[in-house]
Amino acid sequence: MKTISIGLEWGSYPIQELDSNGFIVDDISAEELGMDSEFCNKIQKLQNMYDDLFVNNDKEFSYIGNEKPEEVKKIKDIYSGVVDELLDKLNNKFNFKILELDI
């Protein structure tokens with residue numbers, strides 16, 4: 001049974017397939033997992049919101065989430081819902097590694 005990792009990192013798709021040693025094989029899209037378009041849009045929105053918690057330009061890469069507590073709360077709520085939905089629909093087809101948010 002494949003292992004799927006769910007987590008947020010800047011600039012990275014939040015769903016990834018892991019090998020038997022826990023290393024990332026590749027991103028795996030929500031579509032590939034059989035999720036509907038509404039869920040796929042939610043995943044993309046979640047990643048975009050997370051990426052917006054960082055400044056990334058030629059001079060700086062830094063976290064600014066502590067200046068946006070309402071956004072952080074929204075991200076945590078959406079993330080929790082996404083994880084619950086994936087587990088509800090796919091728990092019998094994949095092993096899951098759920099990463100905690102450090103924001």
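Residues take their numbers from the sequence shown, with the count starting at 1.
- A single hydrophobic cluster is seen to contain both Phe39 and Leu87, as judged by linkage of ILVMFWY side chains at heavy-atom distances under 4.5 Å, directly or through other members.
- A distance of 6.0 Å or more separates the ring centres of Trp10 and Tyr63.
- The side-chain heavy atoms of Asn41 and Lys45, taken from C-beta on, include no pair separated by under 4.5 Å.
- In the hydrophobic clustering, Val55 connects to Ile64, either directly or through intervening members, whenever side-chain heavy atoms lie under 4.5 Å apart.
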Query raised in the report: When you look at Met35 and Glu31, which way does the side chain to side chain contact (heavy atoms under 4.5 Å, CB included) test go after all the steps?
Result: CA-CA 5 Å; Met35 302 303 286; Glu31 292 94 348; over 6 Å; no

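- Partners of Glu70 according to the side-chain hydrogen bond (donor to acceptor under 3.5 Å, both in side chains) rule, which considers only residues two or more places apart in sequence or in another chain, do not exist here.
- Residues Met49 and Glu71 meet the side-chain proximity criterion, which asks for heavy atoms closer than 4.5 Å.
- A distance-only check finds a donor-acceptor pair linking the side chain of Gln47 to the backbone of Ser12 [under 3.5 Å].
- In terms of modelled atom types and a separation under 3.5 Å, the side chain of Glu32 and the main chain of Ser29 share a donor-acceptor contact.
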Report task. With side chain to side chain contact (heavy atoms under 4.5 Å, CB included) as the test, would you mind laying out the steps for Asn95 and Ile4 before giving the verdict? Result -> CA-CA 6 Å; Asn95 294 317; Ile4 305 297; over 6 Å; no

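- With sequence neighbours left out, Lys89 forms a salt bridge (Lys or Arg N to Asp or Glu O under 4.0 Å) with Glu85.
- Follow the hydrophobic side-chain contacts under 4.5 Å out from Phe54 and you reach Tyr13 in the same cluster.
- No path of Ile, Leu, Val, Met, Phe, Trp and Tyr side chains, each step under 4.5 Å between heavy atoms, connects Val25 with Ile28, placing them in separate hydrophobic clusters.
- The 12-atom threshold is not exceeded at CD of Glu100, counting heavy atoms of other residues, nucleotides or ligands nearer than 6.0 Å.
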**Report entry** Stepwise side chain to side chain contact (heavy atoms under 4.5 Å, CB included) check, Ile15 with Leu86
**Finding:** CA-CA 10 Å; Ile15 305 173; Leu86 277 172; 4.2 Å; yes

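- Applying the 6.0 Å contact sphere to CZ of Phe23 captures no more than 12 heavy atoms from other residues, nucleotides or ligands.
- Between Pro69 and Asn66, the shortest heavy-atom distance links the atoms CD-O, 4.1 Å.
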**Report entry** side chain to side chain contact (heavy atoms under 4.5 Å, CB included) between Asn91 and Phe96, worked out
**Finding:** CA-CA 7 Å; Asn91 201 27; Phe96 284 93; 4.0 Å; yes

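- Contact record, Gly65 with Val72: O-CG2, 3.5 Å, taken as the closest heavy-atom pair.
- Hydrophobic clustering keeps Ile24 apart from Tyr50 (ILVMFWY residues linked when any side-chain heavy atoms are closer than 4.5 Å, directly or through intermediates).
- The shortest distance between side-chain heavy atoms of Leu53 and Lys68 falls below 4.5 Å.
- The nearest pair of heavy atoms linking Gly11 to Asp51 is N-OD1, 3.0 Å.
- Linking ILVMFWY side-chain heavy atoms closer than 4.5 Å, directly or via other members, places Phe94 and Val83 in a single hydrophobic cluster.
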Without placing hydrogens or testing angles, list every side-chain donor-acceptor pair under 3.5 Å for residues 75-82, not counting sequence neighbours.
residue : atom : partner : partner atom : Å
Asp77   : OD2  : Lys73   : NZ           : 3.1
Tyr79   : OH   : Ile6    : O            : 2.9
Tyr79   : OH   : Leu99   : O            : 2.5

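- Note that OG1 of Thr3 and CD of Glu17 are 8.5 Å apart. Values are rounded to the nearest 0.5 Å.
- Distance alone, capped at 3.5 Å, places no donor-acceptor pair between the Asp27 side chain and the Gln16 backbone.
- Partners of Asn21 under the side-chain hydrogen bond (donor to acceptor under 3.5 Å, both in side chains) rule, at least two apart in sequence or in another chain, do not exist in this structure.
- Taking Asp36 as the reference, nothing meets the side-chain hydrogen bond (donor to acceptor under 3.5 Å, both in side chains) condition, with sequence neighbours excluded.
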